[in-house]
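These numbers were taken from a predicted model, which means no experiment stands behind them.
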Amino acid sequence: MKKLLLIASYVLLSGCTTSMKMAEQVPSRVEQIDFKNYEIDKRKKVFVGEQIIARKSYKAVIKSNLFKAMNDFTLSGGIATTSINLAATTGDTFRVAGYNELNNPVVNIPGSYFMFGIDSNGNWDMTVMSPSFWTSPIGSGSQYNISPTNTIFQKVESTTPFSEAGYINHEIVFTGIGASGISLIYREYTFENMARSDFKQELIYPIDTKKIRFRNYLISVHSVDSSEIEFTVAQD
């Protein structure tokens, strides 16, 4: 009789616990990311201390393995070791960890070993689970609530910098007019945006300069005074 009771209990637990399988390797691609604070041949004005040029260019690995929250939400419930209290804001992202038995993607909950499922409409699919069948909560999502109930998630891509491939990260700042003319500072930064003290250079050009040539940059100067400069980046 006890043996039959154990078998019945196991079947009951199995039927009330959501399982998952780990995600397969997500296809990826490498792209060149090139941020610029300027547009070629577009007139612009900056004040003393502001950037004439700011550029960061690098290669990155792109994967479609994230879901982004389209609104603020909370996911909470459970007791003791199955307790969840997730408070997220619009734009927070969650990484895909695998798929549940509904064949929906499941995403990691930060600070927890639990995951929740997202259906084809971008809604919570009422499932919560862990990587192990034995630690997944009994009843799956029945003991949890999401608020608001119409919370939406959108599939987005992750961007992982590939700094080993080389990068550009520098700026040219307008620092005013000195006794010798137009004053600029060129600075280089590490990939993590830390200043490289050995790669800083002061640039001085005559006050009547109309074309500034520095490295690959060609900057046309339209007007300049002690507080601002109006210019166009003609070439980079």
Worksheet entry | Short N-O contact, K36 and D236, less than 4.0 angstrom | yes
Fill in: Electrostatic pair E171-K56, nearest N-O below 4.0 angstrom
no
Worksheet, complete the sentence: Sorted by chain and residue number, the salt bridge (charged side-chain N to carboxylate O under 4.0 Å, His left out) partners of D34 (sequence neighbours excluded) come out as R55
Fill in: With sequence neighbours excluded, residues passing salt bridge (charged side-chain N to carboxylate O under 4.0 Å, His left out) with R213
none
Worksheet entry | Aromatic centroids of F116 and F67 separated by under 6.0 Å | no
State, yes or no, whether a side-chain contact exists between [X] and [Y] at a heavy-atom distance under 4.5 Å.
X: N100; Y: M115; value: no
X: E101; Y: T18; value: yes
X: L184; Y: I52; value: yes
X: I53; Y: Y217; value: yes
X: M70; Y: T151; value: no

Worksheet item: Where do S220 and K211 land on the side chain to side chain donor-acceptor pair (under 3.5 Å) test, with the steps shown first?
Response: CA-CA 5 Å; S220 298; K211 300 284 186 182; 2.9 Å; yes
Worksheet item: Out of Y58, F191, Y189, F35, which residue meets the ring-ring contact (aromatic ring centres under 6.0 Å, His included) rule with Y167?
Response: F191
Practice prompt. Return the orientation label for the Y186 and H170 ring planes: parallel under 30°, perpendicular over 60°, tilted otherwise.
Written response: tilted
